[in-house]
Structure formats: structure tokens, C-alpha cells
Amino acid sequence: MKTLIEDYFTVADIPQIEVNLPTDDKIIETDASLLSHAVKNIIENAIKYSPDSTEKPILDLIFEKNKFEIIVKDFGLGIPKEEQKHIFNSFFRAKNVSNIKGTGLGLNIVHEFVKKLGGKVSFSSKEGVGTTFIISMPYQEEK
């Protein structure tokens, strides 16, 4: 996770997001490519849809018994309540982002990749306040 952040989300050594990782390392068996693509998309969205925010998006990685969560919170445009039910549909774009480039495929792909890995993706959002995405993935503790 740390490598993904360092590789993709720094510009001129100034981090674009705040990252909170646990101090203990864990080894997780998963398809790193699929998980990286999913996380990268959510982080890019957090940055892209927070153009005027004075607060950086926040990424938290939390380990619990038999699952871990990747939580990405932004302080951007948010998703209108009446449109939230469509957010994982192909080609869907909320009405408040028409002036920002995008295809409407990213979150659909995130949803499919996370599902393929045996996890779930959920979110909460309030228009004008921001959005929080949670990727919840199972894993087995080493014995």
C-alpha cells in the first residue's frame, strides 16, 4: 500500500493525500494488480472531485480480525443523494461533475475488481461535504 501511494500520488515531493497506515506489516494473499487498480481509482477520484478543498483526502488502512479496510475520505463535491443508487453503474456520472473529465466507468470497475477478490466496496456521501469509500477485504491471520 505504501508503495502504491508513493508511486502514484506525490507531486514534487508534496503528498496530495494524507496516509494513515498501521505500524505492523501484514502479508496478504490477493491479486495485487486488481487491488491496486481499485485503490488507485478511488484515490484519483478523491483528488479529482475535491478541486477546491483546502483539506487533503485521507487514506486509512485498518486491520481487523479476518478482514482489512481501505478507507478513502475526501472533502469534495459529494454525490447527490438521489443519484447515489447508480454510483456503481457503467457510464454513470452524477449531475454535479459534468464539468470534470471522466467516463463513468471507474467505480463500476472498482466494484467488479473488489467483488472478484471476495471483498465489498461501500460509500457514504453528502453533496457539498465529501465522500468516504470503504473497501473491505477478507484475509487470514498467520498462525
Group every Ile, Leu, Val, Met, Phe, Trp and Tyr by side-chain heavy-atom contacts under 4.5 Å, then state whether I47 and V129 land in the same group.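 I47 and V129: separate clusters.
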For F68 and L61, what are the C-alpha separation, side-chain angles and deciding distance, and is it a side chain to side chain contact (heavy atoms under 4.5 Å, CB included)? CA-CA 7 Å; F68 66 94; L61 175 60; 3.8 Å; yes
Which atom names give the shortest non-hydrogen contact between T103 and R93, and what distance separates them?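 Shortest heavy-atom contact: C-CD, 3.9 Å.
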Check F88 against N108 and note the closest heavy-atom contact, atom names and distance.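 Nearest pair, atom of F88 first, then N108: O-ND2, 2.9 Å.
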Treating N41 as the side-chain partner and V110 as the backbone partner, does any N or O pair qualify as donor plus acceptor under 3.5 Å?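 Checked: no pair found.
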With ILVMFWY side chains joined below 4.5 Å, transitively, what does [X]'s cluster contain besides itself?
X	answer
I58	F75
L77	Y49, V97, I100
I71	I62, I134

Among residues at least two apart in sequence or on other chains, which ones pass side chain to side chain donor-acceptor pair (under 3.5 Å) with [X]?
X	result
E82	K95
E69	K67
D60	N20
K101	none

Does a side-chain heavy-atom distance below 4.5 Å link [X] with [Y]?
X	Y	answer
I43	N45	no
I135	M137	yes
V72	T132	no
P138	N66	no

Sequence neighbours left out, what passes side chain to side chain contact (heavy atoms under 4.5 Å, CB included) with I109? Give chain and number order.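 By the side chain to side chain contact (heavy atoms under 4.5 Å, CB included) rule, I109 matches L105, F113.
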Just list the side-chain donor-acceptor pairs under 3.5 Å for residues 114-126, sequence neighbours left out, or say none.
{"from": "S125", "atom 1": "OG", "to": "I79", "atom 2": "N", "distance (Å)": "2.7"}
{"from": "S125", "atom 1": "OG", "to": "G130", "atom 2": "O", "distance (Å)": "3.3"}
{"from": "S125", "atom 1": "OG", "to": "T131", "atom 2": "OG1", "distance (Å)": "2.7"}

Between [atom1] on residue [X] and [atom2] on residue [Y], distance to nearest 0.5 Å:
X	Y	atom1	atom2	answer
S33	K40	OG	NZ	11.0 Å
S50	K56	OG	NZ	13.0 Å
F63	L21	CZ	CG	9.0 Å
E112	H37	CD	NE2	15.0 Å

For F92, ring-ring contact (aromatic ring centres under 6.0 Å, His included) partners two or more places apart: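 Scan of F92 (ring-ring contact (aromatic ring centres under 6.0 Å, His included), adjacent residues dropped) gives H86.
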